Novice: 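Here it is: the structure, laid out below.
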Amino acid sequence: MSKTRHTPHPPTGRRLLDAGASIDAHRHDGHQLVYAGRGVVEVITEAGAWVAPASRALWIPAGTVHAHRAHGPTELRLVGLAPTERTALDEPGAGWERPAVVAVTGLLRELILAYSGEADLPGGERERLRGVLVDRLRRAPGQPVHVPAARDPRLAAVCRLVRDDPADPRGLRELGRAVGAGERTLARLFRGEFGMGFRQWRTQVRLHRAVVLLAEGVPVTSVAVRCGWSSPSAFIEVFRKAFGHTPGRAFTV
């Protein structure tokens, strides 16, 4: 992401993207909340990729270089917080200094839709709406579906194999042999760079791919097979634990 656009004030509003469309790498001086009212939006940064269906939103802190990708016809709702609009999210230790996926309840969804869709609101009313939105966002639990980017070339090689085929059943030892790295070394790298073990990371990759495939209209049974689960019921259970609902409700709040 060496070539990036710079926008001092992150935009607020509604934007329609065709399936597969993307927004090139850019950065803002203020924070931005990105929500897909329809479809699935993926945010890619140098640290990795985040994906969110309609029950999730993506938080992008000020200064983060990022690109967007739409999976399925996507309606983007953008909420920008200008650099001068300091909120409780900017307080030291608040935990909003990194990109994150947050859960979107019915109320938070309506606040996002209202704020991004009614630019002509009187100033005082708009400020109050933004204040309530920020308050609800502070209470929104984090829901990470994050595929981090590897720095070590040995780890990156293994990650590429799994991302290319999430259904690959090989364990870390076999994958290590394929790239010329030892199992213990790779296990240490997974913990050191990603803060999680190989199996947990692979589940994140599979969930990430599953959300994308669901957005493209692939049936649940096919998604389960293509992403490496032993059965549709096993996939549904893992998906439910990760998102709080079944795959069939991935695009509703």
Side-chain angles (χ1 to χ4, degrees), residues 4-17 21-45 47-71 74-91 94-119 121 125-146 208 211 215 243-244 250-253:
T4 62
R5 290 184 292 108
H6 172 226
T7 306
H9 298 280
T12 293
R14 174 176 177 265
R15 183 166 180 178
L16 300 177
L17 297 177
S22 61
I23 300 174
D24 293 338
H26 59 286
R27 63 183 176 87
H28 312 294
D29 289 343
H31 306 308
Q32 189 175 55
L33 185 68
V34 179
Y35 174 69
R38 176 167 57 94
V40 166
V41 60
E42 181 180 16
V43 169
I44 304 102
T45 76
W50 286 257
V51 67
S55 59
R56 301 291 182 265
L58 294 158
W59 170 256
I60 304 171
T64 302
V65 177
H66 62 285
H68 302 292
R69 184 178 298 146
H71 298 285
T74 299
E75 177 191 8
L76 278 188
R77 294 288 187 145
L78 306 171
V79 174
L81 299 176
T84 56
E85 295 172 346
R86 307 293 291 180
T87 71
L89 302 176
D90 294 295
E91 295 175 357
W96 295 91
E97 66 278 0
R98 296 180 181 179
V101 176
V102 296
V104 174
T105 62
L107 176 56
L108 181 54
R109 179 179 186 274
E110 293 305 316
L111 290 166
I112 293 171
L113 296 181
Y115 190 77
S116 62
E118 300 185 31
L121 287 174
E125 185 175 345
R126 189 165 181 78
E127 290 176 8
R128 290 192 295 274
L129 183 59
R130 182 177 64 242
V132 176
L133 193 159
V134 169
D135 284 343
R136 298 309 305 178
L137 182 60
R138 289 177 63 198
R139 294 174 174 81
Q143 299 286 339
V145 180
H146 172 215
H208 188 284
V211 170
F243 291 103
F251 308 104
T252 61
V253 177

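On a predicted model such as this, the values are computed, not experimentally measured, just so you know. In this chain, numbering begins with 1 at the start of the sequence shown.
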Novice: Under 3.5 Å, side chain of Thr74 to main-chain N/O of Leu76, donor-acceptor pair present?
Specialist: no
Novice: I'd like to know if the side chain of Arg77 and the backbone of Leu113 have a donor-acceptor N/O pair within less than 3.5 Å.
Specialist: yes
Novice: Is the shortest heavy-atom distance from the side chain of Val65 to the side chain of Thr45 under 4.5 Å?
Specialist: no
Novice: Are His6 and His26 close enough that their ring centers fall under 6.0 Å?
Specialist: no
Novice: I'd like to know if the side chain of Trp59 and the backbone of Val102 have a donor-acceptor N/O pair within less than 3.5 Å.
Specialist: no
Novice: Considering only heavy atoms from C-beta outward, does the side chain of Pro99 approach that of Val43 to under 4.5 Å?
Specialist: no
Novice: The test is side-chain contact (heavy atoms from CB on, under 4.5 Å); show your working for Arg136 and Arg109 and say whether it passes.
Specialist: CA-CA 10 Å; Arg136 298 309 305 178; Arg109 179 179 186 274; over 6 Å; no
Novice: Does the side chain of Ile23 come within less than 4.5 Å of Arg5's, by heavy atoms?
Specialist: yes
Novice: Hey, could you give me the NE2/CH2 distance between His66 and Trp50, rounded to the nearest 0.5 Å?
Specialist: 11.5 Å
Novice: Of all residues at least two apart in sequence or in a different chain, which pass the side chain to side chain contact (heavy atoms under 4.5 Å, CB included) check with Arg130?
Specialist: Leu81, Glu85, Tyr115, Glu127, Val134
Novice: So, for Pro10 and Pro8, which heavy atoms are closest and what is the spacing to 0.1 Å?
Specialist: CD-O, 3.6 Å
Novice: Please check: side-chain N/O of Thr12 versus main-chain N/O of Gly80, any donor-acceptor pairing under 3.5 Å?
Specialist: yes
Novice: Between Gly30 and Pro83, what is the shortest heavy-atom contact and its length?
Specialist: N-CG, 3.9 Å
Novice: What distance do Leu17 atom CG and Arg38 atom CZ have between them, rounded to the nearest 0.5 Å?
Specialist: 10.0 Å
Novice: For the CZ atom on Arg138, are there more than 12 heavy atoms of other groups (residues, nucleotides or ligands in this structure) within a distance under 6.0 Å?
Specialist: no
Novice: Roughly how far apart are Leu111 CG and Thr105 OG1, rounded to 0.5 Å?
Specialist: 8.0 Å
Novice: Looking at CG of Asp29 and NE2 of His9, how far apart are the two atoms once the value is rounded to the nearest 0.5 Å?
Specialist: 7.5 Å
Novice: Please report the closest heavy-atom contact between Ala215 and His71, naming both atoms and the distance.
Specialist: CB-O, 3.3 Å
Novice: Would you call Phe243 and Arg56 a side-chain contact if the rule is heavy atoms closer than 4.5 Å?
Specialist: yes
Novice: Donor-acceptor check, side chain of Arg15 to backbone of Leu78, threshold 3.5 angstrom: yes or no?
Specialist: no
Novice: With no hydrogens and no angle check, is any side-chain donor or acceptor of Glu75 less than 3.5 Å from a backbone partner on Arg14?
Specialist: no
Novice: Is the backbone of Ser22 close enough, under 3.5 Å, to the side chain of His68 for a donor and an acceptor to pair up by distance?
Specialist: no
Novice: Report the distance from atom CG of Leu33 to atom CG of Leu137, rounding to the nearest 0.5 Å.
Specialist: 5.5 Å
Novice: Minimum heavy-atom separation for Ala52 to Ala36, with atom names?
Specialist: O-CB, 4.5 Å
Novice: If I take atom CG from residue Asp90 and atom NE2 from residue His31, how far apart are they, to the nearest 0.5 angstrom?
Specialist: 3.5 Å
Novice: Test side-chain contact (heavy atoms from CB on, under 4.5 Å) on His146 and Val101 and set out the steps.
Specialist: CA-CA 8 Å; His146 172 215; Val101 176; over 6 Å; no
Novice: List in chain and number order the residues that pass side chain to side chain contact (heavy atoms under 4.5 Å, CB included) with Ala49, two or more places apart in sequence or in another chain; answer none if no residue qualifies.
Specialist: Glu42, Ile44, His208
Novice: Testing the basics here: between Ala140 and Ala103, what is the closest heavy-atom pair and its distance to 0.1 Å?
Specialist: CB-O, 3.4 Å
